[in-house]
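For this chain, numbers begin at 1 and follow the sequence in order.
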Amino acid sequence: MDTQSDFPSDVPGGDFPRIISVDDHTVEPAHVWQDRLPKKYLDTGPRIVRAPLKEMTFLGGRFKPVMGEPGDSGPVGDWWVYEDLHRPLTRLDTAVGYSRDDIKLEVITYDQMRAGSYDVPQRLADMDVNHVQSALCFPTFPRFCGQTFTEARDRDLALLCVRAYNDWMVEEWCGPKAHGRLIPLTLIPLWDAHLAAQEVRRNAARGVRAVAFSEIPPHLGLPSVHTDDWDPFLAACDETGTVVAMHIGSSSRMPSTSADAPPAVGSTITFANCCFSMVDWLMSGKFERFPNLRIMYAEGQIGWIPYILERADVVWEENRGWGGVAGKVHRPPSELFAGHVYGCFFDDAFGLRNLDSIGVGNVLYETDYPHSDSTWPKSREVGEAQMGHLAQDVVERIVRGNAIELLGLTEDGLWKGAR
């Protein structure tokens with residue numbers, strides 16, 4: 001099955017639109033960088049090593065794994081090794097197919113994950129099971145906006161790694177085997193806005209319409225969106241119609257309350273970084289300087305948006321004189337939101353009950369495959385249950401129509417750049 005016409009329609013709930021998920025994930029195959037980097041970098045560039053786990057913690061929003069030495073005791077997993085970085089594949093990276101009670105923080109190998117995590121034909125098969133037609137996928141090893149390469153010492157190698165990932169994303173992951181059903185999301189060298197602009201234009205020339213970015217760049221030691229530092233990058237996105245896609249955790253700092261807070265605390269408030277980030281953008285003046293710029297928040301959910309817009313409008317109306325925005329934000333933030341910002345959700349009944357306060361045109365659907373929060377293989381059923389009160393044309397827009405418009409897909413919901 002490789003086109004919309006091939007997609008099964010004689011299944012229960014067949015009236016529910018075929019899903020275009022704007023937030024899924026790929027687990028990069030071991031060969032991505034080894035096949036694409038110059039030979040002199042193969043021993044320092046990203047590569048997979050099978051090794052035991054010495055220790056691993058995930059507290060206060062911080063993930064800290066330690067790789068053991070060959071022969072050490074401990075569970076064995078596949079580790080990405082890059083310069084001095086050792087990062088294991090974990091069950092949280094790819095949890096679909098496992099019961100919730102069996103999903104734990106543990107290292108795994110490629111052999112212990114569902115093949116759809118890294119294999120294109122198997123991914124399409126898993127999409128078919130889940131009533132998904134097309135999907136935009138965020139990275140795993142580079143982290144959600146490529147900050148792995150931003151933190152590297154060798155910037156020449158890091159730039160090659162960014163470009164290699166993008167080439168793999170466009171030519172292989174979203175290549176001929178995907179039949180237009182996988183939508184490319186590329187990375188930029190975050191440390192240089194001019195190089196970032198070049199990479200946006202390079203990929204836009206081959207049909208890419210989405211680029212990953214950090215929700216809160218200062219957490220990565222980078223300038224905020226209130227500065228002019230990002231303008232070359234934003235201008236390139238504005239000119240090419242490239243959407244700035246920000247995933248929760250793309251600032252390398254998940255929300256939490258204390259150093260000893262269990263992961264459940266952060267998991268409950270994952271939307272918080274999106275909330276902070278959106279206010280940054282609404283008060284930055286960037287949407288007025290770059291009128292075609294559009295941003296989206298992957299996995300941020302949507303139920304929190306109405307109050308933030310209400311409060312932002314009050315602050316803009318009552319406090320803009322001393323609030324530092326009178327000279328650059330000339331319209332109510334809620335108006336800027338309507339024209340430039342998209343919230344993404346996979347399970348948010350409250351947000352859908354308050355859709356009129358968000359905007360039908362500003363909401364996108366997702367499945368989060370293959371993460372532990374994913375609604376796979378019941379994303380259609382979840383959508384039907386939560387959207388049952390909405391008119392069919394509204395459901396159509398949320399589940400696929402808005403994504404088609406935002407990402408420049410064909411009328412059938414496929415990526416136009418597919419070969």
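Ring planes of Phe138 and His25: tilted class, angle from 30 to 60°. Ring pair His247/Phe144 is tilted by interplanar angle, where 30° to 60° counts as tilted. Under the 30°/60° scheme for interplanar angles, the aromatic rings of Trp168 and Tyr165 are found to be tilted.
Distance OG1/Thr270 to CD/Glu299: 6.5 Å, rounded to 0.5 Å. Of the inter-residue distances, the one linking Ser251 atom OG with Ile216 atom CD1 reads 4.5 Å to the nearest 0.5 angstrom. If you take CE on Met246 and SG on Cys274, they are separated by 8.0 Å, rounding to the nearest 0.5 Å. In this structure, CZ on Arg209 lies 13.5 Å from CG on Leu185, to the nearest 0.5 angstrom. Of the inter-residue distances, the one linking Asp24 atom CG with Ser374 atom OG reads 7.0 Å to the nearest 0.5 angstrom. With values rounded to the nearest 0.5 angstrom, Leu336 atom CG is found 13.5 Å from Lys286 atom NZ.
The two residues Ala95 and Ile103 make their nearest non-hydrogen contact at CB-CD1, 3.6 Å. In plain terms, the two heavy atoms of Ala178 and Trp173 that are nearest each other are CB-O, 3.6 Å. Across Leu42 and Gln34, no two heavy atoms sit closer than the pair O-NE2, 3.1 Å. Between Gly146 and Leu190, the closest heavy-atom pair is C-CD1, 4.5 Å. In this structure, Gly351 and Ile358 approach most closely via the heavy-atom pair O-CD1, 3.7 Å. When all heavy atoms are compared, the tightest approach of Phe149 to Ala158 is O-CB, 3.4 Å.
Distance alone, capped at 3.5 Å, is enough to place a donor-acceptor pair between the His131 side chain and the Phe16 backbone. Proximity of a side-chain donor or acceptor of Asn354 to a complementary backbone N or O of Ser357 within less than 3.5 Å is not detected. Judged purely by atom type and a 3.5 angstrom limit, Gln147 has no side-chain atom pairing as donor or acceptor with the backbone of Leu220. Judged by distance alone, the side chain of Arg50 and the main-chain N or O of Ile48 form no donor-acceptor pair under 3.5 Å. A donor-acceptor pair under 3.5 Å links the side-chain atoms of Asn362 to the main chain of Val341, judged by distance alone. A donor-acceptor contact shorter than 3.5 Å is absent between the side chain of Asp368 and the backbone of His371. Looking only at distances, no side-chain donor or acceptor of Ser267 sits under 3.5 Å from a matching main-chain atom of Pro263. With hydrogens and angles disregarded, no donor-acceptor distance shorter than 3.5 Å links the side chain of Trp376 to the backbone of Thr367. Looking only at distances, no side-chain donor or acceptor of Asp23 sits under 3.5 Å from a matching main-chain atom of Cys137. Judged by distance alone, the side chain of Arg155 and the main-chain N or O of Thr150 form a donor-acceptor pair under 3.5 Å.
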Q: Would you please test Asp231 and Arg289 for salt bridge (charged side-chain N to carboxylate O under 4.0 Å, His left out) and show each step?
A: CA-CA 9 Å; Asp231 284 5; Arg289 294 189 59 192; 2.7 Å; yes
Q: Give the C-alpha distance, both sets of side-chain angles, the deciding distance and a yes or no for side-chain hydrogen bond (donor to acceptor under 3.5 Å, both in side chains) between Tyr342 and Asn402.
A: CA-CA 9 Å; Tyr342 294 77; Asn402 290 337; over 6 Å; no
Q: Could you check Asp260 against Ser258 for side-chain hydrogen bond (donor to acceptor under 3.5 Å, both in side chains), going step by step and ending with a plain yes or no?
A: CA-CA 5 Å; Asp260 59 351; Ser258 63; 2.7 Å; yes
Q. Yes or no on salt bridge (charged side-chain N to carboxylate O under 4.0 Å, His left out) for Arg36 and Asp167, after CA distance, side-chain angles and deciding distance?
A. CA-CA 9 Å; Arg36 290 168 176 80; Asp167 291 344; 5.9 Å; no
Q) Going through the distances and angles, do Arg397 and Glu405 end up as a salt bridge (charged side-chain N to carboxylate O under 4.0 Å, His left out)? A) CA-CA 10 Å; Arg397 288 190 67 182; Glu405 186 277 331; over 6 Å; no
**Q.** Test salt bridge (charged side-chain N to carboxylate O under 4.0 Å, His left out) applied to Glu199 and Arg163, step by step
**A.** CA-CA 8 Å; Glu199 193 62 12; Arg163 291 174 174 167; 3.5 Å; yes
Q) What's the verdict on side-chain hydrogen bond (donor to acceptor under 3.5 Å, both in side chains) for Asp348 and Gln386, showing C-alpha distance, side-chain angles and the deciding distance? A) CA-CA 8 Å; Asp348 192 340; Gln386 296 191 351; over 6 Å; no
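Among the candidates Asp93, Asp78, Thr90, Leu89, the single residue satisfying the side-chain contact (heavy atoms from CB on, under 4.5 Å) test with Met113 is Leu89. With Trp33 as the fixed residue, the ring pair (Phe, Tyr, Trp, His ring centres under 6.0 Å) test singles out one of Tyr82, Tyr41, Phe141: Phe141. Paired with Gln133 under the rule side chain to side chain donor-acceptor pair (under 3.5 Å), one option of Arg181, Arg18, Arg400 passes, and it is Arg400.
A side-chain donor-acceptor contact under 3.5 Å links Thr94 and Ser117. Side-chain atoms of Ser277 and Tyr297 include a donor-acceptor pair closer than 3.5 Å. A donor-acceptor contact under 3.5 angstrom links the side chains of Glu172 and His31, judged on distance only.
Heavy-atom neighbours of Asp43 CG from other residues, nucleotides or ligands within 6.0 Å: at or below the threshold of 12. Counting heavy atoms of neighbouring residues, nucleotides and ligands inside a 6.0 Å radius, atom NZ of Lys54 does not exceed 12 of them.
The shortest distance between side-chain heavy atoms of Ser21 and Ser379 does not fall below 4.5 Å. For the pair Ile295 and Trp281, the minimum side-chain heavy-atom distance is below 4.5 Å. Between Pro217 and Trp230, the closest side-chain pair of non-hydrogen atoms falls below 4.5 Å. Two residues are said to be in side-chain contact when any heavy atoms from C-beta on lie closer than 4.5 Å; Gln301 and Phe350 fail this criterion. Looking at Val329 and Phe287, their side chains never come closer than 4.5 Å, going by heavy atoms from C-beta outward. Within the 4.5 Å cutoff, the side chain of Arg202 has no heavy atoms near those of the Thr186 side chain. Between Asp347 and Asp373, the closest side-chain pair of non-hydrogen atoms is not below 4.5 Å. The shortest distance between side-chain heavy atoms of Val395 and Pro17 falls below 4.5 Å.
A ring-centre distance under 6.0 Å is not found for Phe346 and Tyr365.
Arg311 meets the side chain to side chain donor-acceptor pair (under 3.5 Å) test with no other residue; sequence neighbours excluded.
Among pairs with a residue in residues 135-144, those fulfilling side chain to side chain donor-acceptor pair (under 3.5 Å) read Arg143-Thr148, Arg143-Glu151, Arg143-Ser252, at least two apart in sequence or across chains.
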